[in-house]
Amino acid sequence: SGATEANRMAILGLAGKGCRVAVSPRDHPSIASAAAELASRGHAVRTLPLEADGRIVAATLMEEIEAADGGGILLAVTPICGQTGLSHDLLEFIDLAKAASPLMIHADATQSAAWNALDFAASPFATMTLAPHKFGGPRGIGGLVIRGGIPVVPLLPGSQELGLRGGTEAVSLAVGFAHSLALAAAERETVSRRVRELRETLEANLLEAARDAGLDAVIIGASGHRAPHIAALSIRGVDRQAVVMAADLEGVCLSTGTACASGSSEPSPVLFALRLDDELVAGTFRASLGRTTTHHDIDEAVARLRHVFARLTR
């Protein structure tokens with residue numbers, strides 16, 4: 001039904017008896033909740049800390065592998081963080097997976113497919129999640145890619161889909177999924193380059209607009225590797241929800257977290273994991289761009305947000 005179900009199927013379906021589980025604050029809430037469920041069943045679950053640039057602290061993962069002592073360990077990785085846009089080069093996990101034979105890796109590539117080439121066959125992943133609404137396809141369907149020979153326990157057993165998911169398949173959604181992925185792959189390099197330039201323009205202009213209004217604004221993760229389409233900004237001393245609501249009245253859609261966190265008043269856990277100070281965490285909001293975003297959209301958004309920033313200082 002979507003990436004949430006795919007993530008849960010992977011985390012709950014891969015974790016065998018006695019398997020240790022490692023997740024991180026950059027993972028989607030669907031992964032965190034699945035890991036918490038495993039913890040309630042008696043699995044050893046650890047949330048790995050992050051470097052300041054958003055990468056998992058490698059030394060802590062090695063500690064988990066050593067603690068497994070030859071037993072199984074399941075690691076969840078998220079190549080692109082949906083809250084900050086910070087990306088993690090996963091090539092380092094290839095040698096790690098070869099060296100630690102009991103290590104199984106699940107990749108939540110929901111945010112990645114439109115922007116990064118994904119060679120699953122050459123990757124170290126046991127499973128990988130996709131969702132077509134992130135690359136121009138239909139909502140209401142997700143995909144879990146499973147490496148041959150990897151046993152996954154289904155959430156909803158049935159005879160359909162190789163016995164991994166019962167229920168009548170949504171054929172039209174599956175066709176839309178496949179077609180949109182093919183289009184996204186064909187246009188990936190061109191679109192990524194154009195959207196990155198637009199994001200950089202948006203960030204520079206918003207920083208200028210904030211300065212003009214007497215506000216102290218910063219780009220979250222500016223020194224790290226980031227995806228083309230996500231801009232996370234923080235304004236010191238300003239409540240993020242006030243910014244989002246004021247922007248909404250101006251016709252600009254911002255967010256304070258992922259879509260699945262809608263309605264929550266709590267900041268994203270990844271912001272605390274990046275060791276940002278409390279003022280930055282409290283003032284962080286996110287803007288997302290897409291393949292259809294234009295220079296006119298950016299100019300119009302900045303013009304409207306200038307009005308928002310001006311009112312914040314009154």
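Source: prediction; values computed, not measured.
Within the 4.5 Å cutoff, no side-chain heavy atoms of Arg226 are placed close to those of Thr84. Between Pro79 and Met128, the closest side-chain pair of non-hydrogen atoms is not below 4.5 Å. Between Gln241 and Val244 there is no side-chain heavy-atom pair separated by less than 4.5 Å.
Note that CG of Leu274 is 9.5 Å distant from CD of Gln83, once rounded to the nearest 0.5 Å. Here the CG atom belonging to Leu280 is positioned 11.0 Å from the CG atom belonging to Leu233, to the nearest 0.5 angstrom. With rounding to the nearest 0.5 angstrom, the CG atom of Leu206 is 4.5 Å from the CG atom of Leu202. Atom-to-atom distance recorded for Arg165:CZ and Ser1:OG is 5.5 Å, nearest 0.5 angstrom. If you take CG on Asp277 and OG on Ser234, they are separated by 8.0 Å, rounding to the nearest 0.5 Å. Taken from CD1 in Ile219 to OG1 in Thr284, the straight-line distance is 10.5 Å, to the nearest 0.5 Å.
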Compile the donor-acceptor pairs under 3.5 Å between side chains in residues 183-191 and protein atoms, sequence neighbours left out, one pair per line.
{"unit_1": "Glu187", "atom_1": "OE1", "unit_2": "Arg291", "atom_2": "NH2", "d": "2.3"}
{"unit_1": "Arg188", "atom_1": "NE", "unit_2": "Ala113", "atom_2": "O", "d": "3.2"}
{"unit_1": "Arg188", "atom_1": "NE", "unit_2": "Asn116", "atom_2": "O", "d": "3.3"}
{"unit_1": "Arg188", "atom_1": "NH2", "unit_2": "Ala113", "atom_2": "O", "d": "3.0"}

* Any chance you could lay out the side-chain hydrogen bond (donor to acceptor under 3.5 Å, both in side chains) test for Asp108 and Thr78, step after step, and finish with the verdict? => CA-CA 5 Å; Asp108 180 3; Thr78 302; 4.6 Å; no
* To do: Tell me, with the steps shown, if His133 and Ser180 meet side chain to side chain contact (heavy atoms under 4.5 Å, CB included).
  => CA-CA 9 Å; His133 71 276; Ser180 59; over 6 Å; no
* Asked: Can you list the steps and then say if Leu50 with Ile56 is a side chain to side chain contact (heavy atoms under 4.5 Å, CB included)?
  -> CA-CA 5 Å; Leu50 301 179; Ile56 293 172; 4.2 Å; yes
* Asked: Yes or no on side chain to side chain contact (heavy atoms under 4.5 Å, CB included) for Leu198 and His295, after CA distance, side-chain angles and deciding distance?
  -> CA-CA 7 Å; Leu198 290 175; His295 282 284; 3.3 Å; yes
* Evaluate the criterion side-chain hydrogen bond (donor to acceptor under 3.5 Å, both in side chains) for residue pair His28 and Gln111; output intermediate values, then yes/no. => CA-CA 10 Å; His28 189 269; Gln111 289 282 356; over 6 Å; no
* side chain to side chain contact (heavy atoms under 4.5 Å, CB included) between Leu12 and Val153, worked out -> CA-CA 8 Å; Leu12 298 177; Val153 178; over 6 Å; no
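Scanning all heavy atoms of the two residues, the minimum distance from Pro132 to Ile141 falls at CD-O, 3.1 Å. The two residues Ser30 and Asn7 come nearest to each other via the heavy atoms OG-ND2, 3.1 Å. The shortest heavy-atom contact between Leu144 and Ala6 is CD1-O, 3.8 Å. Between Gly140 and Leu173 the shortest heavy-atom distance is O-CD1, 3.8 Å. Nearest approach of Leu48 to Pro25, heavy atoms of both residues: O-CD, 3.1 Å. Closest heavy-atom contact between Ala3 and Thr129: CB-CG2, 3.6 Å.
Atom CZ of Arg236 is surrounded by more than 12 heavy atoms from other residues, nucleotides or ligands within 6.0 Å.
Aromatic ring pairs are classed by plane angle as parallel below 30°, tilted from 30° to 60° and perpendicular above 60°; the pair Phe309 and Phe285 is tilted.
Panel note: side chain Arg26, backbone Leu86; a donor-acceptor pair is recorded below 3.5 Å. With hydrogens and angles ignored, the 3.5 Å screen pairs no side-chain donor or acceptor of Arg20 with any backbone N or O of Arg46. For His225 (side chain) and Ser87 (main-chain N/O), no donor-acceptor pair under 3.5 Å exists by modelled atom type. Between the side chain of Arg240 and the backbone N or O of Ala282, at least one donor-acceptor pair lies under 3.5 Å.
Put simply, Leu156 and Leu38 are part of two different groups of oily side chains (I, L, V, M, F, W, Y) that touch within less than 4.5 Å, one to the next. Under the 4.5 Å side-chain heavy-atom criterion for grouping Ile, Leu, Val, Met, Phe, Trp and Tyr, Ile230 is not connected to Leu305 through any hydrophobic cluster. By the criterion of side-chain heavy atoms lying less than 4.5 angstrom apart, applied directly or through intervening Ile, Leu, Val, Met, Phe, Trp or Tyr residues, Met245 is not grouped with Leu254; the two fall into different hydrophobic clusters. A continuous path of ILVMFWY side-chain contacts below 4.5 Å connects Phe120 to Leu130, so both sit in one hydrophobic cluster. Val175 and Leu181 end up in different hydrophobic clusters when Ile, Leu, Val, Met, Phe, Trp and Tyr side chains are linked at under 4.5 Å.
Within the structure, the side-chain hydrogen bond (donor to acceptor under 3.5 Å, both in side chains) test picks out the following pairs touching residues 296-306 (sequence neighbours left out): Asp212-Arg306, Thr294-Asp297, Glu300-Arg304.
Residue Pro228 is tested with Arg196, Arg193, Glu197, Arg194 for a side-chain contact (heavy atoms from CB on, under 4.5 Å); the sole match is Arg196. The side-chain contact (heavy atoms from CB on, under 4.5 Å) test with Pro124 singles out one residue from Leu75, Ile105, Leu103, and that residue is Ile105.
Remark: Asp119 engages no residue in a salt bridge (charged side-chain N to carboxylate O under 4.0 Å, His left out) (not counting sequence neighbours).
Taking the ring axis of Phe125 as reference, the NZ or CZ atom of Arg147 does not stay both within 45° of it and closer than 6.0 Å to the ring centre.
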